[in-house]
2 protein chains.
Amino acid sequence: MSDKLEFTQEVIELARISKALSHPVRVYILLKLSKMDSCCYSGDLVEELPVGRSTLSQHLKELKYAGLIQGEIKPPYIKYCINRKNWERAKKLFASFLNNDLGVSTLLQKTESLIHS
Amino acid sequence: MSDKLEFTQEVIELARISKALSHPVRVYILLKLSKMDSCCYSGDLVEELPVGRSTLSQHLKELKYAGLIQGEIKPPYIKYCINRKNWERAKKLFASFLNNDLGVSTLLQKTESLIHS
DNA sequence: TTTATATTTCGCAAATATACGAAATGAATC
DNA sequence: GATTCATTTCGTATATTTGCGAAATATAAA
């Protein structure tokens, strides 16, 4: 069989989450938020991290877009927290990945099965 | 304390590995190689994956550079395998990350401690 | 030595990521 | 309404990533 296949959702999702974690600033933010089990202001983070405010805001936006964190507006602040549900999902996916629990059949699929499903 | 800090090796390494995993082709290759517990030719992969030969070669190069795989020349082929040692290290790092086993003190460090250590 | 095969490197184009300062936003307070 | 504060968006510059085909490389076979 030499047909080109498409990636499954699992593979695409793993890549998407990995991308969200592919910068030290974002790794740090996620580690801190998941550890604190509480929330955090953008202003607190910019004090510690070696980037400017607007750059930090971009990183927060990316993590939000990836669904890994969420912001709650508490004027004049915005409190950022881990998105527990998606974070647990990410953890499970990665655990499967690292422990080789993902079956070969979950790596690729034929185009047809995507179209007709 | 509002001094800017630097990232620890753990944070930098997590970001680096995540970056290597931030593309579906690379996730697929790593999953396949770690699952097979054997090796794989570039030619086999290009048959399955939706990218051309030179593009696949780039992805393999990146994974090699990240230390996650290694290539053994078996003319006229090159056999690619998981780099077991580094893969185990990556697994441990990620497991700590996902389980919140990394202490807060392992996230950032003062510039001084880098310079004088 | 020529030919065939597998893979990589090169050159290029397009898209995405990273960073910053300045300006804009949105809510509370004066 | 004007001011203040925390944060985001905009505009811009630069660097990196992704992709491809053509050319180069390296080895085995004819």
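Only this structure's heavy atoms are used, side chains among them; waters, hydrogens and symmetry mates stay out. Every chain is numbered from 1, with letters handed out A, B, ... down the list of sequences.
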Pull out every protein N or O sitting under 3.5 Å from an N or O of nucleotides 22-29 of chain C, one pair per line with the distance.
none

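At a cut-off of 3.5 Å, with distance as the only test, no side-chain donor of B/Y80 or B/E72 sits close to an acceptor on the other residue.
Over its length, the helix from C/dT1-D/dA30 to C/dC30-D/dG1 turns its helix axis by 0°, as judged from the five terminal pairs at each end, rounded to 10°.
By the 4.5 Å heavy-atom criterion applied to side chains, B/L49 and B/I29 are counted as neighbours.
Where A/Y77 and A/T55 each meet DNA chain D at their nearest nucleotide, the meeting point lying more 5' is that of A/Y77.
Between the side chain of A/T55 and the backbone N or O of A/V51 there is no donor-acceptor pair closer than 3.5 Å.
Atoms OH (B/Y41) and P (C/dT5) sit 17 Å apart, rounded to a whole Å.
When the side-chain contact (heavy atoms from CB on, under 4.5 Å) test is applied to A/N99, the partners found at least two apart in sequence or on another chain are A/A95, A/D101. For B/Y77, the side-chain contact (heavy atoms from CB on, under 4.5 Å) criterion is met by B/Y41, not counting sequence neighbours. Considering only residues two or more places apart in sequence or on other chains, A/R89 meets the salt bridge (charged side-chain N to carboxylate O under 4.0 Å, His left out) condition with A/E13. Residues that satisfy the side-chain contact (heavy atoms from CB on, under 4.5 Å) test with A/L98, not counting sequence neighbours, are B/W87, B/K91, B/F94. Evaluation of the side-chain contact (heavy atoms from CB on, under 4.5 Å) rule for B/S54 yields no partner, not counting sequence neighbours.
When heavy atoms are screened at a 4.0 angstrom cut-off, B/K19 is found touching the sugar-phosphate backbone but no base atom.
Within a heavy-atom distance below 4.0 Å of DNA chain D, the residues of residues 56-70 of chain A found are A/S57, A/K61.
Contact footprint of chain A on DNA chain D: nucleotides with an atom under 4.0 Å from a non-hydrogen protein atom, first to last in 5' to 3' order, D/dA6 to D/dT9.
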Atom pairs and distances, donor-acceptor, side-chain atoms in residues 57-71 of chain A, under 3.5 Å, two or more places apart:
from  : atom 1 : to    : atom 2 : distance (Å)
A/H59 : ND1    : A/R26 : NH1    : 2.9
A/E62 : OE2    : A/R26 : NH1    : 3.2

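Of all heavy-atom pairs spanning B/L56 and B/V46, the tightest one is CD2-N, 3.7 Å.
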